[in-house]
There are 2 protein chains.
Amino acid sequence: MSNISHPTDCSHRLRFRQVDYFCAMFSKTFGYALRAATFVAVHGKNGEKIGLQELSQSLDIPHHFLGKIMQDLVRHGILDSIKGPSGGFYANEQTAETPLIELLKITDGSLVFNQCALNIKRCNAEHPCPLHHDFASCRDGMLKAMSAKTIAVLAAEIEEGKSFLVR
Amino acid sequence: MSNISHPTDCSHRLRFRQVDYFCAMFSKTFGYALRAATFVAVHGKNGEKIGLQELSQSLDIPHHFLGKIMQDLVRHGILDSIKGPSGGFYANEQTAETPLIELLKITDGSLVFNQCALNIKRCNAEHPCPLHHDFASCRDGMLKAMSAKTIAVLAAEIEEGKSFLVR
DNA sequence: GGAGAAAAAGACTTTAAAATCTTTTATTAT
DNA sequence: ATAATAAAAGATTTTAAAGTCTTTTTCTCC
Ligand code: FES
Ligand code: FES
């Protein structure tokens, strides 16, 4: 019936979204932040410090880009850091208790869960776009999960081998 | 407990995602394509033609950008068009029956529903990231809805005043 | 206090999406 | 035929995210 495949010669046409950017509900920055914070929570208990080098290599995240993200987490008090030799990042009292939604607000801003799937001006149940009901329920499920889960929850899953931070 | 608000002076730091790009599950291109195709399905019955001018003004979409998107829909047979005075875009046999997922594949590619929320290499239930189960169910709900709904379904909703294509 | 290590900071580059602007082609009407 | 109109095509610019590179600051150890 309908042939969905792209015609082969696309050079003169609209360029399409590139493969690894598809369906990005969240920024890469958020993924990096979440994975790095969880890594520190898992491997940096009892004040053990994790260096940027180790973090970026273990998680396969660009070193300096991760550096900026980590700075930002430290500024927001999610983690602590110390400079100098034998310095690095380590968990503080707040780390484990941080809900994922807070990380998301830091990296992607506070309006993340208020946007219309079709980019209509405002997402609004009284003036819904055609995808609103489907999208809103999907989105609200994520919001609920990310409000309920903390870094400690993820760290526990990682330690039990139920989920993974890399590859 | 935790203070989520951004510190005020961000100038020297990471730049955050800008407001109207937050939480973009789909590209703007997809939103434009879906709204325009549905508009044509609603207002262009019986071979009535809709010009780019009217489309872009009615839907508040940049004229030439929409032009490229429409070209692409025509190329894929979702709509037909005719040049010249009294030309424009109009619905064909396929228009109404097109499932939304097909539009999405045209604008955002075919891998849209296979990406990990955290940008881990591959989304995989056997090797899940910490957000996999929450995200996969959300994503699968959208996939299901978008496979089931056609442009005709949206057009009917619009005509009944149950949903809206603009503002 | 000097050397080395590591985070912090800042400047810069790259990439892709989105948007704009210009030219060409096809169609209609005079 | 010619002019007008509108889609098609294309080249170019803008914007934001992502990524890279360099310099500065802070800390440790000798
Ligand atoms: S209005 Fe579009 S998702 Fe809510
Ligand atoms: S592995 Fe991350 S969403 Fe599936």
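Each chain gets a letter, A, B and so on, in the order the sequences are listed, and its residues count up from 1. Computed from a prediction, not measured in an experiment: that's the story for all the values here.
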Per-nt protein contacts along nucleotides 21-30 of chain C (heavy atom under 4.0 Å; B base, S backbone sugar-phosphate only, - none) come out as BB--BBBB--
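- A straight line from CD1 of B/Ile69 to C1' of D/dG10 spans 16 Å, rounded to a whole angstrom.
- Nucleic acid contact class of A/Gly67 (heavy atoms, under 4.0 Å, all strands): none.
- Within the structure, a side-chain polar atom (N or O) of B/Ser81 is placed less than 4.0 Å from OP1 or OP2 of D/dA8.
- Counting only residues at least two apart or on different chains, no salt bridge (Lys or Arg N to Asp or Glu O under 4.0 Å) pair has a member in residues 47-59 of chain B.
- Note: CG (B/Leu66) to P (D/dA9) measures 15 Å, nearest angstrom.
- Between the CG atom of B/Asp60 and the C1' atom of C/dA18 there is a distance of 14 Å, given to the nearest Å.
- Computed from coordinates, the A/His63 NE2 to D/dT23 P distance equals 16 Å when rounded to whole Å.
- One interatomic measurement links the two molecules: CD of A/Gln57 to P of C/dA6, which rounds to 12 Å at whole-angstrom precision.
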Q.
If you apply the rule side-chain hydrogen bond (donor to acceptor under 3.5 Å, both in side chains), what do you find for A/Thr95 with A/Asn92, and how did you get there?
A. CA-CA 5 Å; A/Thr95 307; A/Asn92 62 23; 3.1 Å; yes
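- B/Leu118 and A/Phe164 end up in different hydrophobic clusters when Ile, Leu, Val, Met, Phe, Trp and Tyr side chains are linked at under 4.5 Å.
- Using the six-membered ring where Trp is involved, B/Phe135 and A/Phe26 have ring planes that are tilted, between 30° and 60° apart.
- In this structure, A/Arg167 does not pair ionically with A/Asp60, as no charged nitrogen and carboxylate oxygen lie closer than 4.0 Å.
- At the heavy-atom level, B/Tyr32 lies under 4.0 Å from the strands shown only through sugar-phosphate atoms.
- Relative to the side chain of A/Gln71, the nucleotides D/dA9, C/dA8, D/dA8 differ in distance, and C/dA8 lies closest.
- A donor-acceptor contact closer than 3.5 angstrom links the side chains of A/Glu157 and A/Ser163.
- Separating the CG atom of A/Asp108 from the P atom of D/dA16 is a distance of 15 Å, rounded to the nearest angstrom.
- Computed from coordinates, the B/Asp72 CG to C/dA18 C1' distance equals 15 Å when rounded to whole Å.
- Put simply, B/Arg75 has a side-chain N or O that comes within less than 4.0 Å of OP1 or OP2 on D/dA9.
- Under the 4.5 angstrom side-chain criterion for Ile, Leu, Val, Met, Phe, Trp and Tyr, the cluster partners of B/Tyr90 are B/Ile82.
- Rounded to a whole Å, the CD atom of B/Gln53 is 15 Å from the C1' atom of D/dA4.
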